[in-house]
Protein chains: 2
Amino acid sequence: MMNFSVGVEYALHCLVNIIPLNRPIGIKDLAEFQGVSESYLSKIFTKLAKARIVQSTPGVKGGYELTKSPKKITFYDVVIAIEGSQPIFQCKNIIAKAFTNEALEAEEDEDEVPCLINRTMLEAEQQMYNFLKEKTLMWLRETLDNELSPDILEKNREWFQKKLVQN
Amino acid sequence: MMNFSVGVEYALHCLVNIIPLNRPIGIKDLAEFQGVSESYLSKIFTKLAKARIVQSTPGVKGGYELTKSPKKITFYDVVIAIEGSQPIFQCKNIIAKAFTNEALEAEEDEDEVPCLINRTMLEAEQQMYNFLKEKTLMWLRETLDNELSPDILEKNREWFQKKLVQN
DNA sequence: ATATTATAGATAATTAGTGTCCTTAATGGG
DNA sequence: CCCATTAAGGACACTAATTATCTATAATAT
């Protein structure tokens, strides 16, 4: 079944916790926080860096930080950064194989009127993406701040502060 | 990258061509029409049959036909029939692993407030599905009848008539 | 200089999707 | 009743993508 990769989840969970920090944080800490391996999470963050969502600093005291305001980073940006921008539905133009007559082949060759089924699926995909474009990291952060208990939020904050101080 | 399976495309292409026929048509003909193997296409149609989108008749003169009006069969129905109804985004609740403190574990145990990221992705998915629920097989058929050249439509019709007569 | 940290490449394990083959069961026509 | 036809289902193989690890390299602060 069609799926978003778990990388998207790793990314969003990390990013929303990076917001309140005002310094770079390393993969090691983030991996520990998430309970996943550094090796794998670093691949994800390389993708986020290439998509200009985070900025990386190698070396001592290095790590990752947001490149811009979390108001300007959307779920859509993160999904595309991790999963790539290939459409969810790739028409194999099977119907073209169905008839080997000249008329149809000619029409396919023009390639100006893509398969209606394909267009419909892509339009459906856009509905999903439009929704994800409206959800920013800032919205996620603020909603979590409202939803989660103060107790959990405080423990969360303490955990990251401790990590930053240690470095 | 996340994808709809090609099975969805096979299914839709076949179904839209089944509409004008008023008799069962066999996998052999449909497979020839699409240029795919009978073995594989039959798996797809078994799924469509289980989803009550088509009705199957084994034996001589058997085959598949729609169970109901194409006005009542949506793209969504077909997608779910082929791909299953598992959500596109399965939250691993990674955040739960992040803190091993009691407060959070308690909250996770309740399991009444699923992860906000998860909820957001599912809501996005729903946007896509809502769109696909509005698109019926009948709409697809009628739009194709308007968009495609009369020449192609006629050749298409002839091809299926010939096959039905042969059986 | 050295320890730290990100980047990149190679590679392996796992899973899902795609596809085939063979057997079984049901059906209609002779 | 028998037989050809057709769907259903299980077993299996092939492919591609995802997930994951390990190693080596490059950049950086102290």
Side-chain angles (χ1 to χ4, degrees), chain A residues 1-11 14 18 23-32 34-65 67 79 82-84 86 88-90 92 94 163-164 166-167, chain B residues 1-11 14 18 23-32 34-65 67 79 82-84 86 88-90 92 94 163-164 166-167:
Chain A
M1 171 67 188
M2 171 172 78
N3 254 330
F4 281 115
S5 69
V6 283
V8 173
E9 187 173 1
Y10 293 158
C14 286
I18 288 179
R23 306 194 315 175
I25 184 167
I27 281 294
K28 205 166 80 176
D29 293 336
L30 290 171
E32 183 187 344
Q34 296 262 96
V36 299
S37 82
E38 298 176 38
S39 330
Y40 188 53
L41 194 60
S42 74
K43 301 287 186 195
I44 308 224
F45 267 78
T46 300
K47 286 182 181 176
L48 292 176
K50 284 189 174 161
R52 302 273 186 164
I53 290 171
V54 296
Q55 186 178 21
S56 68
T57 316
V60 181
K61 299 258 175 195
Y64 294 97
E65 55 197 323
T67 53
V79 167
I82 305 298
E83 308 245 324
Q86 291 209 321
I88 210 173
F89 189 82
Q90 280 117 327
K92 301 274 194 309
I94 302 163
K163 286 298 171 185
L164 289 183
Q166 282 173 2
N167 297 341
Chain B
M1 171 64 188
M2 168 173 82
N3 255 331
F4 281 115
S5 69
V6 284
V8 174
E9 187 174 2
Y10 294 158
C14 287
I18 288 178
R23 307 192 320 178
I25 183 167
I27 281 293
K28 205 165 79 174
D29 292 335
L30 290 171
E32 182 186 343
Q34 295 262 95
V36 299
S37 82
E38 299 175 39
S39 329
Y40 188 53
L41 194 58
S42 76
K43 302 286 186 196
I44 309 229
F45 267 78
T46 299
K47 287 183 180 176
L48 292 176
K50 284 192 173 160
R52 302 275 187 165
I53 290 170
V54 295
Q55 187 177 21
S56 69
T57 317
V60 182
K61 300 257 175 195
Y64 295 97
E65 54 197 323
T67 54
V79 167
I82 305 298
E83 309 245 324
Q86 291 209 319
I88 210 173
F89 190 83
Q90 281 116 326
K92 303 274 195 311
I94 302 164
K163 287 296 172 187
L164 288 184
Q166 282 173 4
N167 297 343

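In this text the structure is predicted, and so the values were computed from the model without any measurement. Throughout, a chain's letter reflects where its sequence line sits, starting with A, and its residues are numbered from 1. We use all heavy atoms of the structure for the numbers below, so side chains are in, but hydrogens, waters and symmetry mates are not.
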Under 4.0 Å: is that the gap between some side-chain N or O of A/T46 and OP1 or OP2 of C/dA6?
no

Of the nucleotides C/dT4, C/dT20, C/dG28, which one has an atom closest to the side chain of B/S37?
C/dT20

List in chain and number order the residues that pass side chain to side chain donor-acceptor pair (under 3.5 Å) with B/S5, two or more places apart in sequence or in another chain; answer none if no residue qualifies.
B/E83

Can you sort out the partners of A/K163 under side chain to side chain donor-acceptor pair (under 3.5 Å), two or more places apart, ordered by chain and number?
A/E32

Of the candidates D/dT19, C/dT7, C/dA10, the side chain of A/K43 sits closest to C/dA10

Does a side-chain N or O of A/K47 approach OP1 or OP2 of D/dT19 to a distance below 4.0 Å, or not?
no

Does A/Y64 reach a base, just sugar-phosphate, or nothing at all? Heavy atoms under 4.0 Å.
sugar-phosphate

Does D/dC14 have OP1 or OP2 under 4.0 Å away from a side-chain N or O of B/Y40?
no

Within this structure, what is the CD1-OH distance for the pair A/I27 and A/Y40, rounded to the nearest 0.5 Å?
12.0 Å

Side chain of A/P58, heavy atoms from C-beta onward: which of D/dT21, D/dG10, C/dT5 has the nearest atom to it?
C/dT5

Closest heavy-atom pair and its distance - A/I25, A/I18:
CG2-CG1, 4.0 Å

Are any of A/S56's side-chain N or O atoms less than 4.0 Å away from OP1 or OP2 of C/dT7?
yes

